[in-house]
**Q** 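Mind having a look at this structure? Questions to follow.
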Number of protein chains: 2
Amino acid sequence: MIDPIHQPLRLDGIGLNEVSIPRLYAYHRVLVQAHAAGKTTITSHGLAALLGHTIASPQIRKDLSALGTLGHRGRGYTIEPLVERLAHVLGLEHDWHVAVVGFGYLGHAFTTFIAGRERRFHVAAIFDASPAIVGQRWQDVTVADVTQMERVLSHVNCNIGVIAVPASAAQSIADRLAALGIRALLNFAPTPLHLRAPVFVRNIDLAGELSILTHRLSAEPNVGE
Amino acid sequence: MIDPIHQPLRLDGIGLNEVSIPRLYAYHRVLVQAHAAGKTTITSHGLAALLGHTIASPQIRKDLSALGTLGHRGRGYTIEPLVERLAHVLGLEHDWHVAVVGFGYLGHAFTTFIAGRERRFHVAAIFDASPAIVGQRWQDVTVADVTQMERVLSHVNCNIGVIAVPASAAQSIADRLAALGIRALLNFAPTPLHLRAPVFVRNIDLAGELSILTHRLSAEPNVGE
DNA sequence: AAATGTGAAGAGGTTCACAGCG
DNA sequence: CGCTGTGAACCTCTTCACATTT
């Protein structure tokens with residue numbers, strides 16, 4: 001690890017393990033459902049069951065204990081304050097403005113996904129380099145030319161950048177977004193991005209995931225049934 | 001880890017670390033470029049440079065040494081046999097037939113992505129539950145009703161299943177695909193899937209990745225500039 | 001009695017340093 | 001001398017076992 005981004009950030013005086021966060025998000029999701037279904041308390045084992053036992057109960061207890069003393073020994077957890085704590089820690093209370101760069105199939109799909117998923121994400125700006133795509137509308141956003149990124153983003157405030165451009169362009173787009181003060185990037189380009197301190201990047205490596213699958217299948221004795 | 005899927009599979013007598021595979025794929029990608037540009041040899045440090053120093057050179061040497069003795073001490077690696085070895089190990093020599101289940105925005109985008117990316121992936125069947133989507137055509141594939149999955153897939157051979165359905169349906173779709181003999185699944189639903197031995201699953205947790213970003217931004221001193 | 005919270009052990013992967021070899 | 005290949009140290013996260021508390 002070259003830069004200090006992987007040091008856990010402190011929120012309300014607690015430091016969270018980065019890998020635990022998707023799990024916390026999963027807890028939040030199923031707890032909201034359980035609460036809607038009328039449940040008021042839950043045990044770590046019960047939560048593991050709701051998650052299909054994809055996460056072990058000691059792991060759940062360890063994750064939750066990092067958020068403070070939320071459980072009751074002998075009883076379990078009260079769902080409502082637990083959900084509130086999770087929402088606060090995960091930043092689910094804020095609204096986020098997203099800039100999507102690259103509006104090919106992947107960018108388009110992610111835009112629809114992110115906007116449709118929850119109303120806390122607003123796609124505020126979309127950019128592309130292709131004249132065929134620039135000028136298209138998506139809901140009330142018009143796709144702007146990527147050369148106009150600095151100009152547009154000085155008017156439209158965005159917190160999160162989504163990079164869905166070809167590998168060759170990804171690093172330069174990332175640098176430009178970082179220079180504009182955007183500190184969180186989600187990168188779908190196959191090149192892993194590398195940015196310095198206050199900017200935080202997540203790389204989604206779809207081709208890499210596919211490679212894992214094709215490797216496993218190649219290693220199986222009988223490929224293709 | 002509950003099931004034995006995470007034991008490294010052996011291919012040509014070697015066992016590969018699962019997390020190394022996306023890296024091997026990245027090496028393959030940039031080496032193909034370097035070879036096309038006329039380079040014939042490369043060192044581990046040179047390869048790290050091509051990757052923008054996102055991967056350290058000792059890591060590269062360790063990854064490559066697992067594939068056999070491919071390097072020449074004092075010289076580096078000869079690109080051509082290295083590329084061939086990587087392609088073989090990653091299953092890049094085979095063609096793969098993909099079944100996409102769920103043809104909403106995510107499913108549609110991924111279908112286009114996977115098919116457009118490289119010609120070794122063929123989307124051979126598409127399923128959806130919505131009457132509005134069933135019957136649509138994508139290239140020469142007609143979207144079939146998900147209830148017909150067993151019937152269709154008994155005719156059309158598929159090696160890889162892509163799950164892009166809502167969380168509530170994901171596990172049951174996965175079970176049905178597994179029962180049909182599909183042993184590799186890529187899951188975009190927020191529920192992590194859990195399947196027994198010969199089936200291998202990769203979960204792409206886009207919502208979880210976004211949570212990491214919103215958590216980081218919430219923990220920053222000044223949210224939204 | 002039941003279930004949390006946690007120190008300790010374990011597992012897995014990365015980094016380091018250097019021996020080995022062309 | 002240069003660069004690979006690798007055992008050992010290191011680090012991070014997960015699992016375990018149990019003391020603790022209601």
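Quick note on labels: first sequence line is chain A, next is B, and so on, each numbered from 1.
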**Q** Within the structure, does a side-chain N or O atom of B:Gln59 lie under 4.0 Å from either OP1 or OP2 of C:dT15?
**A** yes

**Q** Kindly indicate, with the supporting measurements, whether the criterion ring-ring contact (aromatic ring centres under 6.0 Å, His included) is fulfilled by A:Phe127 and A:Phe103.
**A** CA-CA 7 Å; A:Phe127 303 95; A:Phe103 204 59; over 10 Å; no

**Q** Can you check the B:Arg23 CZ to C:dG12 P distance for me, whole Å?
**A** 16 Å

**Q** Near DNA chain D, which residues from residues 28-39 of chain A have a heavy atom under 4.0 Å away?
**A**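 Per residue number, the list is empty: none.
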
**Q** If a protein heavy atom is under 4.0 Å from the base, mark B; if only from the sugar-phosphate, S; if neither, -; do that for nucleotides 3-11 of chain D going 5' to 3'.
**A** BBBBBB---

**Q** Between atom CD1 in A:Ile55 and atom P in D:dT14, what is the gap in whole Å?
**A** 10 Å

**Q** Could you note down all residue pairs passing salt bridge (charged side-chain N to carboxylate O under 4.0 Å, His left out) where residues 165-176 of chain B supplies at least one of them, sequence neighbours left out?
**A**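 Of all non-adjacent pairs touching residues 165-176 of chain B, those that pass salt bridge (charged side-chain N to carboxylate O under 4.0 Å, His left out) are B:Glu150-B:Arg176.
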
**Q** Rounded off to whole Å, could you give me the CG-to-P distance for the B:Leu24 and C:dG13 pair?
**A** 13 Å

**Q** Holding to side-chain contact (heavy atoms from CB on, under 4.5 Å), I want the full list of residues that pass it with A:Ala49, two or more places apart in sequence or in another chain.
**A** A:His53

**Q** Considering residues at least two apart in sequence or located in another chain, which fulfil the side-chain hydrogen bond (donor to acceptor under 3.5 Å, both in side chains) criterion with A:Gln33?
**A** none

**Q** Between atom CG in B:Asn17 and atom P in C:dA11, what is the gap in whole Å?
**A**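 Atom CG in B:Asn17 sits about 16 Å away from atom P in C:dA11.
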
**Q** Not counting sequence neighbours, which residues clear ring-ring contact (aromatic ring centres under 6.0 Å, His included) with A:Tyr105? List them please.
**A** none

**Q** Please report, rounded to the nearest Å, how far the P atom of D:dG2 is from the CG atom of B:Leu47.
**A** 20 Å

**Q** Can you name the side-chain contact (heavy atoms from CB on, under 4.5 Å) partners of A:Pro81, sequence neighbours left out?
**A** A:Thr78

**Q** What residues form a side-chain hydrogen bond (donor to acceptor under 3.5 Å, both in side chains) with B:Gln59, not counting sequence neighbours?
**A** B:Asp63

**Q** In whole Å, I'd like the distance from the CG atom of A:Asp63 to the P atom of C:dT4.
**A** 13 Å

**Q** My understanding is that only residues two or more places apart in sequence, or in another chain, count here; which of them pass side-chain contact (heavy atoms from CB on, under 4.5 Å) with B:Ala26?
**A** B:Leu51

